[in-house]
Amino acid sequence: MSITFQADVIGLQRISEAVGTTLKHMRAYAQPGMTTKELDEYGGQLLTTLGAKSAPRLSYGFPGWTCISVNNEVAHGIPSARRVLQEGDLVNIDVSAELDGYWADNGGSFVLGTDLHQHQPLVDASRQILRTALSRIRGGVRIADIGGLIEGEARKAGFRVIKNLVGHGIGRSLHEEPKEIPCFYDRGNNQRFKKNSVVAVETFISTRASIAHQTNDGWTLVTKDGSFVAQHEHTIIITDDQPIILTKANGIWE
């Protein structure tokens, strides 16, 4: 989406505030002993109260309000009454939604309670790498160069990146041009970020694996080698200088 009118900015700010606030409150609400279904229902209530509609439900018929992935699940985890959260779990919540024709997407990984399994360094790396990547995005910058930056920063921290999950354009629908904003240097991608366009940029930082595989449920993506993955995501407006971070209400950098 390209920003044309001030009304576009206002509309994007409203939906971004909704998904960001929902993500922040879901993180605070999550407790050991709670099912991911309970956590998702809470998120669904928040979105409804804010007037927003769940994007994965609206676009793809996803069986949940939000995506909640735990431990070796990388993305698109289906909320379940059988999945009980445990102390020390690596949890990822991805919240995307629509409001008055505008769409926004954000996500974040966190350790639930005490870091029993030493996941925090991975979470911290994913969060910091997203901050670094966003600080370099301007109109005219090659998408491939930002992917290379993310991959390089992950390597310096002792991690890898997932190569088949990507960021994307957003605004008037959930997925728009550019269709792919990878976490690695894709030499065949000659696209550049465009000023006044809206994108969702995300990091998928992995302990070992570089590919996520779909499970038999048709949604959940996992690592096959037991790797863990942390993801963080913001929706932004690209400018000639620092981007406008629309979903900052999620508090992932607090």
Side-chain angles (χ1 to χ4, degrees), residues 1-27 40-69 75-79 92-109 130 133-134 137 139 143 146 165-183 191 193-204 219 221 231-239 243-252:
M1 176 184 175
S2 180
I3 302 294
T4 306
F5 304 106
Q6 182 61 25
D8 293 330
V9 176
I10 294 170
L12 288 164
Q13 287 173 331
R14 288 182 64 214
I15 183 55
S16 297
E17 178 80 15
V19 298
T21 298
T22 297
L23 175 57
K24 183 174 184 176
H25 285 305
M26 287 181 72
R27 286 175 48 129
D40 180 62
E41 288 295 333
Y42 175 71
Q45 290 170 11
L46 290 171
L47 287 175
T48 300
T49 299
L50 293 167
K53 298 176 183 176
S54 164
R57 277 198 171 197
L58 196 58
S59 297
Y60 303 114
F62 180 75
W65 300 98
T66 67
C67 299
I68 303 176
S69 307
H76 306 161
I78 299 174
N92 177 267
I93 302 174
D94 192 294
V95 183
S96 55
E98 178 272 342
L99 176 63
D100 294 335
Y102 294 96
W103 302 65
D105 193 355
N106 71 162
S109 295
L130 179 62
L134 294 188
I137 294 177
I143 290 175
I146 296 301
L165 289 170
V166 296
H168 51 90
I170 194 170
R172 283 295 191 178
S173 63
L174 182 57
H175 293 102
E176 299 180 348
E177 289 292 337
K179 295 294 186 183
E180 295 191 355
I181 304 173
C183 291
Q191 286 186 291
F193 289 104
K194 297 179 180 179
K195 181 182 177 182
N196 294 330
S197 67
V198 186
V199 295
V201 180
E202 46 196 319
T203 53
F204 288 97
W219 295 103
L221 294 162
Q231 177 258 17
H232 289 86
E233 176 182 22
H234 270 306
T235 294
I236 66 172
I237 298 175
I238 297 167
T239 72
I244 299 168
I245 301 174
L246 292 167
T247 46
K248 61 184 178 182
N250 64 28
I252 63 174

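Throughout, numbering of the chain's residues begins at 1 and tracks the sequence.
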Decide yes or no for [X] and [Y]: does some side-chain heavy atom of the first lie under 4.5 Å from some side-chain heavy atom of the second?
| X | Y | answer |
| --- | --- | --- |
| Glu180 | Gln191 | no |
| Ile3 | Leu12 | yes |
| Tyr102 | Met1 | yes |
| Val19 | Asp105 | no |

Open item on the list: Test side-chain contact (heavy atoms from CB on, under 4.5 Å) on Trp65 and Tyr42; report intermediate values, then the result.
Closed with: CA-CA 9 Å; Trp65 300 98; Tyr42 175 71; over 6 Å; no

Those residues that, when tested against [X], pass side chain to side chain contact (heavy atoms under 4.5 Å, CB included) (two or more places apart):
| X | answer |
| --- | --- |
| Gln45 | none |
| Thr49 | none |
| Ser173 | Glu176 |
| Pro56 | Ser54, Phe62, Ser96 |

If the condition is side-chain hydrogen bond (donor to acceptor under 3.5 Å, both in side chains), which residues does [X] pass it with, not counting sequence neighbours?
| X | result |
| --- | --- |
| Glu233 | Gln231 |
| Thr203 | Ser126 |
| Thr66 | Asp40 |

Please report the closest heavy-atom contact between [X] and [Y], naming both atoms and the distance.
| X | Y | value |
| --- | --- | --- |
| Ile15 | Ala97 | CG1-O, 3.4 Å |
| Val199 | Pro178 | CG1-CD, 3.9 Å |
| Asn106 | Gly20 | OD1-CA, 3.2 Å |
| Ile181 | Ile143 | CA-CG2, 4.0 Å |
| Leu165 | Ala75 | CD1-CB, 4.1 Å |
| Glu202 | Val166 | OE2-O, 3.1 Å |

TODO: Spell out, as yes or no, whether a donor-acceptor pair under 3.5 Å connects the side chain of Ser69 to the backbone of Gly77.
DONE: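 A pair under 3.5 Å: yes.
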
- [ ] Ignoring hydrogens and angles, tell me if any N or O in the side chain of His232 forms a donor-acceptor pair with the backbone of Ser109 under 3.5 Å.
- [x]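 Yes.
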
Rounded to the nearest 0.5 Å, what separates atom [atom1] in [X] from atom [atom2] in [Y]?
| X | Y | atom1 | atom2 | value |
| --- | --- | --- | --- | --- |
| His25 | Leu50 | NE2 | CG | 8.0 Å |
| His234 | Leu23 | NE2 | CG | 9.0 Å |
| Lys194 | Ile238 | NZ | CD1 | 10.0 Å |
| Ile236 | Leu134 | CD1 | CG | 5.0 Å |
| Ile252 | Thr247 | CD1 | OG1 | 7.0 Å |
| Leu174 | Trp103 | CG | CH2 | 6.0 Å |

- [ ] Could you note down all residue pairs passing salt bridge (Lys or Arg N to Asp or Glu O under 4.0 Å) where residues 3-20 supplies at least one of them, sequence neighbours left out?
- [x]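 Non-adjacent pairs meeting salt bridge (Lys or Arg N to Asp or Glu O under 4.0 Å): Asp8-Arg172, Arg14-Asp100.
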
Task: Qualifying salt bridge (Lys or Arg N to Asp or Glu O under 4.0 Å) pairs, either residue in residues 52-61, two or more places apart - done: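 Listed by first then second residue: nothing to list.
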
TODO: Could you pull out all residues at least two apart from His168 that satisfy ring-ring contact (aromatic ring centres under 6.0 Å, His included)?
DONE: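 Applying ring-ring contact (aromatic ring centres under 6.0 Å, His included) to His168 gives His175.
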
Open item on the list: Could you work out, with salt bridge (Lys or Arg N to Asp or Glu O under 4.0 Å) as the rule, every residue matching Glu41, not counting sequence neighbours?
Closed with: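 Salt bridge (Lys or Arg N to Asp or Glu O under 4.0 Å) list for Glu41, sorted by chain: Lys37.
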
TODO: With sequence neighbours left out, write down each residue that passes salt bridge (Lys or Arg N to Asp or Glu O under 4.0 Å) with Lys248, or none if nothing qualifies.
DONE: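 For Lys248 there are no salt bridge (Lys or Arg N to Asp or Glu O under 4.0 Å) partners, ignoring immediate neighbours.
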
TODO: Go through Arg27 and Asn250 one step at a time and tell me if the side-chain contact (heavy atoms from CB on, under 4.5 Å) criterion holds.
DONE: CA-CA 9 Å; Arg27 286 175 48 129; Asn250 64 28; over 6 Å; no

Open item on the list: Determine whether Leu130 and Val201 satisfy the following criterion, side-chain contact (heavy atoms from CB on, under 4.5 Å), listing intermediate values before the conclusion.
Closed with: CA-CA 8 Å; Leu130 179 62; Val201 180; 4.0 Å; yes

Task: Worked verdict on Asn92 versus Phe204 for side-chain contact (heavy atoms from CB on, under 4.5 Å) - done: CA-CA 11 Å; Asn92 177 267; Phe204 288 97; over 6 Å; no

